[in-house]
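Below is one structure, written out as structure tokens; comments come after it.
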Amino acid sequence: MNRYKQIWRELIRGAVEEESGKKLDPADVIIEIPPRAELGDLAFPMFPYAPHLKTSPKDIARRVAERLRRNDSAASAGIETRGPYLNIHLDRLSVTSDVIAEILKSVELYGRGESLKGQRIVLEFSCPNTNKPLHLGHLRNDALGMSIERILSSLGAQVLKVNLINDRGVHICKSMVAYQHFGDGITPEELKQKGDHLVGDFYVRFAEWAKENPNAEELARQMLKSWEQEDPKVRELWERMNRWAIEGIEETYKKTGVRFDKIYLESQTYLLGRKIVEAGLEKGVFYKESDASVWIDLSAEKLDKKVLLRSDGTSLYLTQDLGTAVQRYQDWPFERMIYIVGNEQRYHFQVLFKVLELLGFHWAENLYHLAYGMVNLPEGKMKSREGTVVDADELIEDLERLAAKETFEKDRQAEAGDLRLTAEKIALGALNYYLLQPSPLKDMIFDPKESLSFSGSTGPYLQYTGARISSMLRKFNERKLEFQGGVFKPELLTLPDEWLIVKQMASYPESVFQAARELNPSIVTAALFELAQTFSHYYHDNPVLHNEDPDLVVSRITLTQALRQVLANGMDLIGVPFLDRM
RNA sequence: GCCCUAGUAGCUCAGCAGGAUAGAGCAACGGUUUCCUAAACCGUAGGUCGGACGUUCGAGUCGUCUCUGGGGCACCA
């Protein structure tokens with residue numbers, strides 16, 4: 001669609017220039033899509049030119065239209081004025097055949113581009129703690145990370161997905177202390193429990209215990225100290241429990257299709273920042289308080305004062321993130337680094353980026369915090385203390401069970417083939433779509449009931465549309481002889497819905513481009529939902545295979561084939577598996 | 001107290017660098033299956049876009065103020 005927009009932008013610009021005798025910047029030509037299809041395919045409001053031409057927008061529209069009608073390159077289209085608007089009806093036949101031909105030629109490359117070609121982008125996401133299993137918040141984070149990676153890559157960027165596992169600190173020691181006291185050497189194998197859940201249970205156990213035993217917190221602090229002094233017994237326990245947690249988390253990643261190119265462990269990076277802070281101290285960027293703690297004063301930037309090193313010389317979250325950033329740039333010099341982290345950490349990243357800038361790292365300006373919103377429940381916030389945190393594994397299991405049940409109830413199990421595999425894909429599609437549909441920056445409410453629904457604007461709706469199309473194409477191939485001699489004739493695709501489908505398919509690459517620009521996969525979910533909706537409406541009313549004229553059958557099948565391709569390409573970007581059958 | 005965010009239909013969300021009569025989905029009610037998968041399709045109902053002022057030919061969209069919700073301002077991460 002962009003192609004046609006640019007062509008017409010130029011034509012209109014030329015005509016307005018001739019009319020006014022003044023130069024006009026192409027960016028000043030505003031292009032819109034008319035609110036209703038019957039008004040046209042592109043719309044140009046004439047208001048902005050009124051001051052130059054000293055006449056009414058309505059009059060300008062009339063005069064520009066006159067001029068365009070005399071222009072050969074504009075002649076094939078319909079030019080119409082409607083008050084102050086100049087509306088263009090594109091040449092349906094040529095657009096239809098061009099768009100379909102392009103899709104069928106490009107196949108899975110349709111919608112991909114080169115606007116980010118060669119750009120090296122580090123994408124950090126997930127970042128779990130090893131003291132508990134993943135929850136719903138991580139699932140949103142992961143869905144965003146995976147989808148944004150695909151979107152950026154599809155436009156030619158080299159994206160490095162990195163995870164920073166938070167495997168040290170006093171909170172990790174808490175599960176360890178509880179395990180020492182109550183664990184009795186139990187293992188996940190013996191309990192038949194995922195390791196991350198086992199560790200998480202001891203973390204909860206610690207919190208309960210600490211309520212009655214004021215000594216507990218002190219024990220955790222002591223354990224952290226022993227850990228830092230590399231006490232072999234503590235290290236052994238730490239390694240064992242971390243392994244359980246990480247193996248469990250990795251199992252969840254496997255289920256949800258989450259993968260990383262590089263994993264950083266906080267236990268290996270937390271010392272890195274100190275050198276940088278010391279260097280900054282020498283440069284005079286930081287200063288030392290009388291108690292030996294190191295600070296930076298950012299009050300000029302409205303960011304307040306901030307501690308970089310504790311008085312006992314140990315590092316903090318910020319210290320460590322400084323080190324990690326520098327390390328990553330050394331590992332793989334990037335053009336951009338994007339942190340997908342909750343919006344409650346906005347301030348932290350503002351400070352982090354500012355400090356890096358003041359330290360003179362030129363790449364600091366290429367750091368970006370994608371501050372996604374919190375996931376809340378209909379009753380309010382998720383609170384671990386009240387046990388309202390939605391566990392990732394449980395949710396996925398529920399979705400799978402329900403998808404399998406649904407398949408059974410509709411008596412589709414034979415068609416679906418491997419029931420378990422299909423149910424898994426439906427569950428994953430439902431989950432990813434649900435989490436990616438709202439804009440990332442906004443908080444969202446997770447309604448368990450709604451998330452388990454497979455109808456309406458959902459992943460399974462896209463999958464269902466795809467499966468029906470696939471089934472239709474199979475039938476076409478089985479009955480090929482009937483339609484022998486049928487030829488694709490775009491001029492037979494005259495229905496309003498067919499034209500709408502063509503335009504929506506033509507706009508798809510722009511949606512991907514915009515999603516990449518805004519780091520917002522919801523633009524892709526919306527575009528696909530509209531496309532699927534238009535198609536569902538279309539084929540409900542209009543038979544594709546059941547037509548006398550083989551040319552019409554082939555023409556509609558060709559359109560359908562193109563649509564299937566666009567749908568599949570888009571679903572891939574948002575982590576909704578395409579299903580040939582369901 | 002200071003800073004950052006959001007407020008659109010009963011509920012969940014869109015609304016693309018201000019533009020034509022504000023859109024979906026869910027829920028509600030009513031309809032469609034000898035017909036390519038009813039996880040679908042169609043229809044009805046539902047809104048003074050939190051409020052006020054301002055900028056503009058034109059504001060859900062921009063600015064200021066205000067109300068309400070969320071988040072942040074730790075030698076936690």
Side-chain angles (χ1 to χ4, degrees), chain A residues 27 30 32-36 39 43 45 47-48 50-51 56-57 82-85 87 127 129 166 169-171 266 289 291-295 302-304 306-312 314-318 320-321 342-348 350 371 373-374 376 378 380-381 403 406-407 409-412 415 426 430 434 437-439 441-447 449-451 453-458 460-461 463-465 467-476 479 510-511 514 517-518 520 522-523 525-526 529-530 533 536-546 557 560 581-582:
Chain A
I30 294 159
E32 283 166 14
I33 305 293
R36 278 163 295 129
L39 293 174
F47 305 98
S56 72
R82 167 96 40 154
Y85 290 88
N87 293 341
C127 304
N129 293 321
N166 191 333
V170 73
H171 53 301
E266 201 191 305
E289 278 292 345
D291 66 357
S293 57
V294 177
W295 294 73
K302 282 188 169 179
L303 290 173
D304 237 319
K306 198 73 195 167
V307 193
L308 289 145
L309 277 181
R310 291 192 186 96
S311 48
D312 63 4
T314 56
S315 1
L316 288 136
Y317 182 38
L318 184 63
Q320 155 201 315
D321 262 5
N343 62 15
E344 75 275 10
Q345 294 195 34
R346 261 204 164 93
Y347 172 68
H348 167 75
Q350 281 177 345
M374 310 195 76
N376 296 315
K381 287 195 67 171
E406 196 85 356
T407 308
E409 277 173 9
K410 297 189 189 321
D411 206 23
R412 304 289 309 165
E415 178 71 19
I426 293 171
Y434 189 88
Q437 193 180 24
S439 309
L441 303 81
K442 290 196 188 174
D443 287 356
M444 66 178 284
I445 292 181
F446 178 88
D447 186 337
K449 252 188 283 163
E450 202 185 305
S451 77
S453 154
F454 298 146
S455 56
S457 177
T458 63
Y461 177 82
Q463 291 172 318
Y464 179 71
T465 309
R468 284 190 71 168
I469 290 173
S470 304
S471 153
M472 200 189 289
L473 294 172
R474 274 196 300 276
K475 289 197 167 129
F476 174 77
R479 292 160 51 191
E510 282 164 76
S511 298
Q514 198 193 334
R517 197 184 57 206
E518 296 177 18
N520 181 359
S522 82
I523 292 161
T525 64
F529 179 67
E530 271 180 34
Q533 213 179 19
S536 297
H537 177 247
Y538 164 67
Y539 84 149
H540 185 267
D541 295 343
N542 305 288
V544 173
L545 296 175
H546 302 167
I557 277 290
T560 304
R581 334 168 165 258
M582 72 186 273

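Letters go in sequence order (proteins before strands), and every chain restarts at 1.
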(request) Please identify each residue that fulfils side chain to side chain donor-acceptor pair (under 3.5 Å) with A/Glu266, with sequence neighbours left out. (result) A/Asn166, A/Arg168
(request) Give the B/S/- string for nucleotides 31-43 of chain B, one per nucleotide from 5' to 3', where a protein heavy atom under 4.0 Å of the base yields B, of only the sugar-phosphate yields S, and otherwise -. (result) ----SBBSBSSS-
(request) Using both pair distances under 3.5 Å as the test, note the stems of at least 3 consecutive Watson-Crick or G-U pairs that include RNA chain B. (result) B:1-7 with B:67-73, B:10-13 with B:23-26, B:28-32 with B:40-44, B:50-54 with B:62-66
(message) Suppose we call a contact any N or O donor and acceptor under 3.5 Å apart; does that hold for the side chain of A/Arg36 and the base of B/rU21?
(response) yes
(request) Taking only the side-chain heavy atoms of A/Glu518 (C-beta and beyond), determine which of B/rC4, B/rC16, B/rA77 contains the nearest atom. (result) B/rC16
(request) Rounded to the nearest angstrom, tell me the gap between atom CG in A/Asp312 and atom C1' in B/rC76. (result) 14 Å
(message) The criterion is side chain to side chain donor-acceptor pair (under 3.5 Å); which residues satisfy it with A/Tyr434, sequence neighbours excluded?
(response) none
(request) Report the residues that fulfil side chain to side chain contact (heavy atoms under 4.5 Å, CB included) with A/His537, sequence neighbours left out, ordered by chain and then residue number. (result) A/Asp497, A/Asp541
(message) With rounding to the closest Å, how many angstrom separate the C1' atoms on B/rC76 and B/rG72?
(response) 14 Å
(message) Between B/rC36 and B/rG43, how far apart are the two C1' atoms, rounded to whole Å?
(response) 24 Å
(request) Name all residues meeting the side chain to side chain contact (heavy atoms under 4.5 Å, CB included) criterion together with A/Leu441; count only those two or more places apart in sequence or in a different chain, and write none if there are none. (result) none
(request) Take the protein atom CG of A/Leu441 and the nucleotide atom C1' of B/rC16, then report the distance between them rounded to whole Å. (result) 15 Å
